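Note sheet for the following structure.
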Amino acid sequence: MKQKILGFLACLMLVIVGEARHIIGGEMTYECLGEQNGSVRYRFKMLVYRDCSANFGADLDNPAPIAVYQCGINRSCGEFTQLNAFRSFTTPLRNARRVSPPNFPCLILPPNICVEEGTYEFELTLPISDESYHVIYQRCCRNETISNIVAPGEVGGTYAVEITPKAQRLCNNSPTFNQFPPTVICIDQPLNFDHSATDVDGDSLVYFFCSPLLGGGRVGTVENPGNQRACNGVTPTPPCAPPHGTVQFIAPIYSFQTPLAGAPQEAVNPLTGLITGTPNKLGQYVVGVCVSEYRDNELLSTVQRDFQFNIANCSPTVVADIEKDSIINGQQFLLTSCGNNTINFINQSFQRQFVNNFFWEFNINGQAQTFTTWDATVTFPDTGRYVGVLVLNPNTECGDTANIFVNIFPQIEADFEFQYDTCVAGPVQFTDLSQSGAGAITNWEWNLGDRNNSRIRNPRHRYNDAGNFPVTLVVTDINRCKDDVTKNVPYFPIPPLLVISPSD
């Protein structure tokens with residue numbers, strides 16, 4: 001029975017790790033608590049972020065395996081294996097919380113974005129050394145849906161920090177980022193995110209895009225059986241020594257320096273940490289941002305954060321729109337009236353629940369006329385071109401304006417007459433009698449009622465059979481005004497000779 005239970009648990013564990021694709025970022029920082037007897041005590045804080053939008057992703061590790069490696073001038077980190085780490089242990093998950101999406105007052109975010117932040121904290125006392133300490137956590141795997149790196153579902157991440165010899169001697173504190181990047185960025189909207197950090201020691205900080213680190217792999221899953229605790233396993237335990245590889249960006253479109261598609265391209269200000277740009281391609285993108293601290297022009301430490309930007313379509317809360325004949329340049333609405341100076345403007349703006357105030361305004365003979373009803377009926381004094389606007393939520397951040405152009409043209413009236421010899425089964429002569437106040441008709445379209453058509457002004461047409469034929473004429477003038485008329489044409493000519501021969 002015991003063997004069966006163990007076997008069941010092993011299979012269950014494989015199923016769980018087989019669905020472990022969920023990591024979207026993380027970071028690690030440290031705080032010096034003081035020096036005593038040649039050693040320094042540190043408090044470490046690690047933040048790990050997971051995608052909680054789907055129910056198949058693995059939970060945050062609890063506890064999380066941590067390893068410390070000591071290497072530098074006397075030995076390279078590559079000499080170490082998992083078995084000879086300077087120190088290894090596990091630390092419990094202190095807190096897990098949902099990261100609130102950004103608040104864009106004029107945009108409605110998609111509902112399926114979910115990010116969970118896991119917080120781990122632990123303390124270590126480390127002897128002051130001429131070599132660096134590397135404190136490391138690793139986990140596989142990243143979201144399969146990431147758009148800018150190769151095989152994201154097959155690789156994980158390494159979240160680590162190095163404490164250099166000088167940082168040890170100075171009881172240095174690493175910089176800490178002030179806020180987490182927005183979980184959602186709206187496509188074609190300018191990005192201005194303050195990714196700055198704080199350093200309690202007052203050291204000089206430099207910001208730059210850097211390549212996220214690799215960690216772990218798919219070994220230990222149902223698809224790839226093996227030791228899940230190995231360096232290429234789902235949960236390296238203990239985590240493996242540096243140097244660590246970096247994720248492979250999909251070249252030449254993306255790189256760690258250009259992780260997003262944008263116009264203008266995203267960039268980070270090296271002095272302020274401000275990230276700017278306008279993303280113009282939907283998807284999920286892993287981005288690495290580093291901050292290095294310097295004292296007396298000497299590097300003390302570098303904190304690396306990698307995270308996932310979700311570039312999504314966001315619905316604007318307010319869009320000004322009207323019923324129109326056509327759109328000019330994608331944002332100007334054109335209406336045309338032929339022979340009628342009174343126009344009924346139909347307001348099709350949305351989302352109406354966010355429209356708190358609105359008005360129409362038209363420039364008529366140099367005077368502004370304003371209307372405050374949802375739809376507006378406007379009578380223009382004469383033919384001509386008029387301009388106006390529909391303004392929603394004026395003088396607020398979440399407003400919008402529809403620019404309106406109105407063309408009032410002279411009337412056009414379609415008409416025609418027809419005649420044929422009623423004593424001969426010959427052709428019918430159609431004569432156009434249409435008139436346009438614009439002075440010139442440019443196009444005639446005849447539907448002759450028997451599946452035949454004509455585009456000449458005065459056509460002649462022979463019908464094969466007698467009968468009533470509904471004939472329609474559509475005319476267009478130089479202003480592209482149209483009118484149509486339909487008349488019934490009774491075509492019953494009398495034959496010239498009737499011969500009636502008796503049958504047998």
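Not measured: the values here are computed from a predicted model. Note that the numbering runs from 1 along the sequence shown for the chain. Scope of the values below: all heavy atoms of this structure, side chains included, with no hydrogens, waters or symmetry mates.
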To the nearest 0.5 Å, how far apart are [atom1] in [X] and [atom2] in [Y]?
| X | Y | atom1 | atom2 | answer |
| --- | --- | --- | --- | --- |
| Cys106 | Glu397 | SG | CD | 4.5 Å |
| Thr258 | Gln265 | OG1 | CD | 5.5 Å |
| Met46 | Leu93 | CE | CG | 9.0 Å |
| Glu323 | Ile343 | CD | CD1 | 11.5 Å |
| Tyr30 | Asn173 | OH | CG | 7.5 Å |
| Ile187 | Ile311 | CD1 | CD1 | 7.5 Å |

- Item | Presence of salt bridge, Lys166 and Glu298, under 4.0 angstrom | yes

Could you check whether any side-chain N or O of [X] sits under 3.5 Å from a backbone N or O of [Y], counting only pairs where one atom can act as donor and the other as acceptor?
| X | Y | answer |
| --- | --- | --- |
| Asn393 | Asn356 | yes |
| Trp374 | Asn347 | yes |
| Asn143 | Thr145 | no |
| Asp306 | Val287 | no |
| Asp199 | Gly202 | yes |
| Gln369 | Glu361 | no |
| Trp360 | Thr373 | yes |
| Gln82 | Pro239 | no |
| Thr183 | Val115 | no |
| Asn178 | Ser196 | yes |

So with a 6.0 Å cut-off around [atom1] of [X], is the heavy-atom count from everything else above 12?
| X | atom1 | value |
| --- | --- | --- |
| Gln367 | CD | no |
| Arg229 | CZ | no |
| Gln179 | CD | yes |
| Asn395 | CG | no |
| Lys324 | NZ | yes |

Answer with yes or no whether the side chains of [Y] and [X] bring together a donor and an acceptor at under 3.5 Å.
| X | Y | value |
| --- | --- | --- |
| Arg295 | Asn172 | yes |
| Asn344 | Thr377 | yes |
| Thr302 | Glu162 | no |
| Asp188 | Asn280 | no |
| Gln332 | Asn403 | no |
| Gln138 | Thr158 | yes |
| Ser255 | Gln257 | no |
| Asp61 | Tyr137 | yes |

- 4.5 Å side-chain heavy-atom contact, Tyr42 and Leu126: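 Yes, at least one pair of side-chain atoms sits under 4.5 Å.
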
With a 6.0 Å cut-off on the ring centroids, do [X] and [Y] count as close?
| X | Y | answer |
| --- | --- | --- |
| Phe193 | Phe180 | no |
| Phe86 | Phe80 | no |
| Tyr285 | Tyr254 | yes |
| Phe89 | Phe122 | yes |
| Phe209 | Phe256 | no |

- Item | Test side-chain contact (heavy atoms from CB on, under 4.5 Å) applied to Ser211 and Val247, step by step | CA-CA 7 Å; Ser211 186; Val247 298; 4.0 Å; yes

- Give me the one residue out of Arg98, His22, Glu117 that meets side-chain contact (heavy atoms from CB on, under 4.5 Å) with Cys52.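 Result for side-chain contact (heavy atoms from CB on, under 4.5 Å) with Cys52: Arg98.
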
- Message: Which residue in the set Lys45, Arg43, Arg41 passes salt bridge (Lys or Arg N to Asp or Glu O under 4.0 Å) when paired with Glu31?
- Response: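 In the set Lys45, Arg43, Arg41, the residue that makes a salt bridge (Lys or Arg N to Asp or Glu O under 4.0 Å) with Glu31 is Arg43.
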
- Message: For a side-chain contact (heavy atoms from CB on, under 4.5 Å) check, start with the C-alpha distance between Arg305 and Phe177, then their side-chain angles and the critical distance, and finish with the verdict.
- Response: CA-CA 9 Å; Arg305 167 190 275 175; Phe177 290 110; 3.4 Å; yes

- Intermediate values then yes/no, ring-ring contact (aromatic ring centres under 6.0 Å, His included), His195 and Tyr207: CA-CA 9 Å; His195 202 273; Tyr207 305 89; 7.5 Å; no

- Task: Decide side chain to side chain donor-acceptor pair (under 3.5 Å) for Asn224 and Arg218; before the verdict, give the C-alpha distance in whole Å, the side-chain angles of both, and the deciding distance to 0.1 Å.
- Result: CA-CA 6 Å; Asn224 192 0; Arg218 297 293 296 158; over 6 Å; no

